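Side-chain atoms are counted along with the backbone in the values below, which use heavy atoms only and exclude waters and symmetry mates. Since we're looking at a predicted model, the values are computed, not measured.
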Number of protein chains: 2
Amino acid sequence: MPAASKKIRGRAPVELDDIDRGLLRMLTENSRRTNNSLAEELGIAPSTCLARLNALRSAGVIRKFTVEVAPEVLGHALEALIFVRIRPGARHLMGAFSEEMRAKPGVTQLFFLGGTDDFLIHVAVRDSDDVRQFVLDNLSANPAVASTQTSLVFEHSQGTAPWL
Amino acid sequence: MPAASKKIRGRAPVELDDIDRGLLRMLTENSRRTNNSLAEELGIAPSTCLARLNALRSAGVIRKFTVEVAPEVLGHALEALIFVRIRPGARHLMGAFSEEMRAKPGVTQLFFLGGTDDFLIHVAVRDSDDVRQFVLDNLSANPAVASTQTSLVFEHSQGTAPWL
DNA sequence: TTTGAAATACCCTTAAG
DNA sequence: CTTAAGGGTATTTCAAA
């Protein structure tokens, strides 16, 4: 287990300066930019830039460099949110349920919610038939599930990161 | 407007082969890997690999290369989901409402939902006081909002991409 | 911490099979 | 799709400020 991924409960938040924020902003837009190009735009030396970048990585601020895929281009044109309520007598199965759902194809996000002990499943699938199929196969048939409520997503947008 | 970002409504989905999937899988884990390194692991020539990568970009499969930031390390330790119902008489304000919310600091995702004309706002903030503040300032005070319902997020995980 | 320079390593393009 | 090679660029290290 990398040190960076240890519990951070109660730990003082990492404070970013302008250079850190600039790095994150640029890498958020294009994580494949070269170190030299980043350094130039920031007005610092490439070696400094590299040091900053490595610092952000070891501090755990940067979890990973990744790629954003467009699901609709690959035929997953429909997103849906499925609210799931677990049966009161099946609360001990919630951990297993969570793991099970997370692995299902089409599931893009899974929220375990407080308050009324619910899950929210975010799926990206081909069409409404797929949603129905997903609910029937994975939820309605599951004895731990008390009820579900599905909403189609008309629009889904990312917010602007608050730390930039 | 790039050709790749045009409407794809009804367009035949892009079909991926093993090499494409391999590329996406590796880049999802680390988008800063060099082309040569990707090519080697895939067992193809670097030039071929680069061509594949560019093809995925122009096809719009790859939206962008980006970075995954850990909000909790920066002090945004609490996530919440806020369900918003818009007043029946204020449906014409939904577009504006959407834009307004998306720009608020702390908002990481915004879903515009069908069915019962609702929004779901996903926020990452410091603590529960911030959630309360967010709801009071941006939602309760908004005349277009009929009601809100907030759930704290105990766990939030990304699913495995179905196209890999 | 940051820098500059130097050495190494690597990448991109092109052309040809 | 591949190989091969050229010119060019990026990365990394390290001593010094």
Side-chain angles (χ1 to χ4, degrees), chain A residues 2-6 8 11-70 73-75 161 163-164, chain B residues 2-5 12-70 73-75 163-164:
Chain A
S5 62
K6 276 185 186 164
I8 53 100
R11 187 162 304 181
V14 173
E15 298 287 347
L16 304 177
D17 62 13
D18 289 340
I19 291 180
D20 293 324
R21 274 186 290 271
L23 260 177
L24 289 180
R25 186 170 30 74
M26 287 188 276
L27 289 170
T28 298
E29 287 182 40
N30 177 16
S31 60
R32 277 183 79 84
R33 277 185 69 169
T34 65
N35 184 58
N36 282 359
S37 147
L38 296 167
E40 189 185 15
E41 185 167 333
L42 289 170
I44 60 178
S47 49
T48 310
C49 189
L50 187 63
R52 290 301 194 107
L53 212 162
N54 287 334
L56 287 173
R57 273 169 50 74
S58 5
V61 175
I62 292 178
R63 243 198 297 249
K64 68 176 178 182
F65 301 101
T66 186
V67 63
E68 205 177 290
V69 172
V73 177
L74 296 173
W163 46 82
L164 296 185
Chain B
S5 63
V14 173
E15 298 288 347
L16 303 177
D17 62 13
D18 288 340
I19 293 180
D20 294 325
R21 274 187 290 270
L23 260 178
L24 288 180
R25 185 172 31 75
M26 288 188 275
L27 289 171
T28 298
E29 287 183 39
N30 177 14
S31 60
R32 276 183 80 84
R33 278 186 67 170
T34 64
N35 183 60
N36 281 5
S37 146
L38 295 166
E40 190 185 14
E41 185 167 333
L42 288 170
I44 60 177
S47 50
T48 310
C49 188
L50 188 62
R52 289 302 193 106
L53 211 163
N54 288 332
L56 287 173
R57 275 171 46 74
S58 6
V61 174
I62 294 178
R63 246 201 293 253
K64 68 176 179 183
F65 301 101
T66 186
V67 63
E68 205 178 292
V69 172
V73 177
L74 297 174
W163 46 82
L164 296 185

Q. Could you give the CD1-to-P distance, from A/I19 to C/dT2, as a whole number of Å?
A. 6 Å
Q: Find the distance A/D20:CG to C/dT1:P and express it as a whole number of Å.
A: 12 Å
When the side chains of residues 13-24 of chain B are checked against the rest of the protein, which donor-acceptor pairs come out under 3.5 Å, sequence neighbours left out?
| unit_1 | atom_1 | unit_2 | atom_2 | d |
| --- | --- | --- | --- | --- |
| B/D17 | OD1 | B/I19 | N | 3.1 |
| B/D17 | OD1 | B/D20 | N | 2.9 |
| B/D17 | OD1 | B/R52 | NH1 | 3.1 |
| B/D17 | OD2 | B/R52 | NH1 | 3.0 |
| B/D17 | OD2 | B/R52 | NH2 | 3.0 |
| B/D18 | OD1 | B/R21 | NH2 | 3.0 |
| B/D20 | OD1 | B/R52 | NH1 | 3.0 |
| B/D20 | OD2 | B/D17 | N | 3.3 |
| B/R21 | NH1 | B/L16 | O | 3.0 |

**Q.** Gap separating the CD atom of A/E68 from the CD1 atom of B/I62, nearest 0.5 angstrom
**A.** 11.0 Å
Q. Can you find a heavy atom in the side chain of B/L42 that is under 4.5 Å from one in the side chain of B/M26?
A. yes
Q. Sub-3.5 Å donor-acceptor pair from the side chain of B/S58 to the main-chain atoms of B/N54, do we have one?
A. yes
Q.
Please evaluate residues A/I44 and A/L38 with respect to the criterion side chain to side chain contact (heavy atoms under 4.5 Å, CB included), reporting the C-alpha separation (whole Å), side-chain torsions for both, the decisive distance (0.1 Å), and the verdict.
A. CA-CA 9 Å; A/I44 60 178; A/L38 296 167; over 6 Å; no
Q: Kindly give the heavy-atom pair with the smallest separation between A/A70 and B/G60, and that separation in Å.
A: CB-O, 3.3 Å
Q) So what is the 5' to 3' dot-bracket string for DNA chain C, if pairs are Watson-Crick or G-U wobble with both distances under 3.5 Å, crossing pairs use [ ] and | means the partner sits on another strand? A) |||||||||||.|||||
Q) Which ones in residues 23-37 of chain A lie close to DNA chain C, meaning a heavy atom under 4.0 Å from one of its atoms? A) none
(Q) Between B/T66 and A/T66, does the side chain to side chain contact (heavy atoms under 4.5 Å, CB included) criterion hold? Intermediate values first, please. (A) CA-CA 5 Å; B/T66 186; A/T66 186; 3.9 Å; yes
(Q) Does any part of the side chain of B/R57, heavy atoms only, come nearer than 4.5 Å to the side chain of B/F65, both counted from C-beta? (A) yes
Q.
Strictly by salt bridge (Lys or Arg N to Asp or Glu O under 4.0 Å), give each pair with a member in residues 29-40 of chain A just once, sequence neighbours left out.
A. A/R33-A/E41
Q: For DNA chain D, note the earliest and the latest nucleotide, 5' to 3', having some atom under 4.0 Å of a heavy atom belonging to chain A.
A: D/dA10 to D/dT13
Q: Applying side chain to side chain contact (heavy atoms under 4.5 Å, CB included) between B/V69 and each of A/L164, A/V61, A/L56, report the one that passes.
A: A/V61
Q: For B/S31, check side-chain hydrogen bond (donor to acceptor under 3.5 Å, both in side chains) against everything at least two apart and list the hits.
A: A/S31
Q) Between C/dG4 atom P and A/E40 atom CD, what is the distance in whole Å? A) 13 Å
Q.
From C-beta outward on B/S47, which listed nucleotide comes closest to its side chain: C/dT3, C/dT13, C/dT2?
A. C/dT13
Q) Rounded to whole angstroms, how far apart are CG on A/L50 and P on C/dT3? A) 13 Å
Q.
In whole Å, I'd like the distance from the CG atom of B/L38 to the C1' atom of C/dC11.
A. 13 Å
